[in-house]
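First up is the structure itself, then whatever we jot down about it.
Naming convention: chains lettered A, B, ... in sequence-line order (proteins, then strands); numbering from 1 in each chain.
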Protein chains: 2
Amino acid sequence: MLRVSKLTDYATVVMTVLAEAGTDVLSAQVLAERARLEIPTVSKLLKQLVHAGLVESFRGVNGGYRIGRAPTAISVAEIVVAMEGPIGMTECSVHSGLCDHENHCGVRGNWQRINQAIADALASVTLADMMKPPGPKRPIPTPLRVALV
Amino acid sequence: MLRVSKLTDYATVVMTVLAEAGTDVLSAQVLAERARLEIPTVSKLLKQLVHAGLVESFRGVNGGYRIGRAPTAISVAEIVVAMEGPIGMTECSVHSGLCDHENHCGVRGNWQRINQAIADALASVTLADMMKPPGPKRPIPTPLRVALV
DNA sequence: GCTAAAGTGGACCGAAATGGTACGGTTTTC
DNA sequence: GAAAACCGTACCATTTCGGTCCACTTTAGC
Ligand code: FES
Ligand code: FES
């Protein structure tokens, strides 16, 4: 269905909660409460976010998690990459040598272009944007097309 | 990894082969040969493409498949939708009522905006574009960002 | 009509990803 | 030293994905 995993979705939710807390350190527990998620789940995705450097962790009593950067400096693309690895729409296009048909495949290059465009789209939305309520719908300007073909 | 399935990738390959053949009717076998794929696989995805109306099928001896529309009138988005169903980046955002947290979830609306932007990106690339060799890389114009936030 | 070529629908299966959970270990504060 | 909290890893049930197969129907041509 061309989707990100549910974990990734949850990760954005948790990140917004963390962003709202500013520089406060929140434990996995209160994070779970505020995000309305299970603790083990939150815990799991937090680990990945820490690993990616988007979140800082503190151990011991009164430990917890704190956002690693300003919400305006974190893009949705980074969260997606942290959770799912590199963005690539097709198996083949991410690394060469995997697909037998690579040589006679006319579409590989074009998929790579599409990948890039989508990655850029994701990269252009910041965590701060995700915190705001969705604004009034504005039509997508068509210069995007120019970028792809 | 935020990707379309391999079947979808193959579908674009088969579609380009079909597009190159113009109005000729090609059997699943020759389609498989030209696309360098297995017959059952080609057969399977052809079924879905027929169902979606992107390809016409003819039964009986000398039957086969023919492209349903001009390559300029078929978008990558249509192929993706034919193979994987509606484009929705998050499970939650496609249909309401599935997710328990929907009420207190601040990011739902924003994900829907992102979905739309990506769908538009996919819709703006035609099958004809996929047939052409990837052109010189041009930078993606940033008006895209304006469309998202 | 009969037969062979070709598509149609559905079932099936093994492998992998997803999601959720659990547990033992380590770090830090009090 | 005890409790709070994170860390790593492993485990499991379920679903999805990629791929294959087969029994059936349709059509062209002899
Ligand atoms: S490179 Fe694998 S199908 Fe095109
Ligand atoms: S609606 Fe399901 S997590 Fe936001």
Before accepting this row, confirm whether a basic side-chain N of the pair B:E78/B:R69 lies closer than 4.0 Å to the acidic partner's carboxylate O.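 A salt bridge is present here (some side-chain N lies under 4.0 Å from a carboxylate O).
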Can you tell me the distance, in whole Å, between the [atom1] atom of [X] and the [atom2] atom of [N]?
| X | N | atom1 | atom2 | result |
| --- | --- | --- | --- | --- |
| B:E56 | C:dG7 | CD | C1' | 14 Å |
| B:D9 | D:dC17 | CG | P | 15 Å |
| A:Q48 | D:dG8 | CD | P | 12 Å |
| B:R3 | C:dA17 | CZ | P | 8 Å |
| B:L49 | C:dT8 | CG | P | 11 Å |
| B:L46 | C:dG7 | CG | P | 8 Å |
| A:L45 | D:dC7 | CG | C1' | 15 Å |
| A:R59 | C:dT26 | CZ | C1' | 5 Å |

When you match B:S43 and A:P40 each to their closest nucleotide on DNA chain C, which lands nearer the 5' end?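 First, find each residue's nearest nucleotide; the 5'-ward one identifies B:S43.
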Identify, between B:F58 and A:G60, the residue whose nearest nucleotide on DNA chain C lies closer to the 5' end.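 Nearer the 5' end of the strand: B:F58.
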Side chain to side chain contact (heavy atoms under 4.5 Å, CB included) partner of B:V14, chosen from B:V55, B:L45, B:I79: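 Running side chain to side chain contact (heavy atoms under 4.5 Å, CB included) over B:V55, B:L45, B:I79 with B:V14 returns exactly one hit, B:L45.
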Quick check: does any side chain N or O of [X] sit under 3.5 Å from a backbone N or O of [Y], one acting as donor and the other as acceptor?
| X | Y | result |
| --- | --- | --- |
| A:D129 | A:T126 | yes |
| B:N110 | A:M131 | no |
| B:E84 | B:T8 | no |

Is it possible for you to say whether A:L7 and A:L31 belong to one hydrophobic cluster, with membership spreading through side-chain heavy-atom contacts below 4.5 Å?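 Shared cluster, yes.
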Picking from [options], which would you name as closest to the side chain of [X]?
| X | options | result |
| --- | --- | --- |
| A:K47 | C:dG20, D:dT25, D:dC7 | D:dC7 |
| A:S57 | D:dC6, D:dT20, D:dT25 | D:dC6 |
| A:L7 | C:dG19, D:dA28, C:dT8 | C:dG19 |
| A:N62 | D:dA28, D:dA5, C:dG25 | D:dA5 |

OP1 or OP2 of [N] versus the side-chain N and O atoms of [X]: is any pair under 4.0 Å?
| X | N | value |
| --- | --- | --- |
| B:Y65 | C:dT8 | yes |
| B:T41 | D:dT20 | yes |
| A:S5 | C:dA17 | no |

Can you list, by residue number, the residues of residues 24-39 of chain A that have a non-hydrogen atom closer than 4.0 angstrom to DNA chain C?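 Close to the strand are A:E38.
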Can you run down the side-chain hydrogen bond (donor to acceptor under 3.5 Å, both in side chains) pairs that involve residues 12-34 of chain A, sequence neighbours left out, and say none if there aren't any?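 The answer is A:T12-B:W111.
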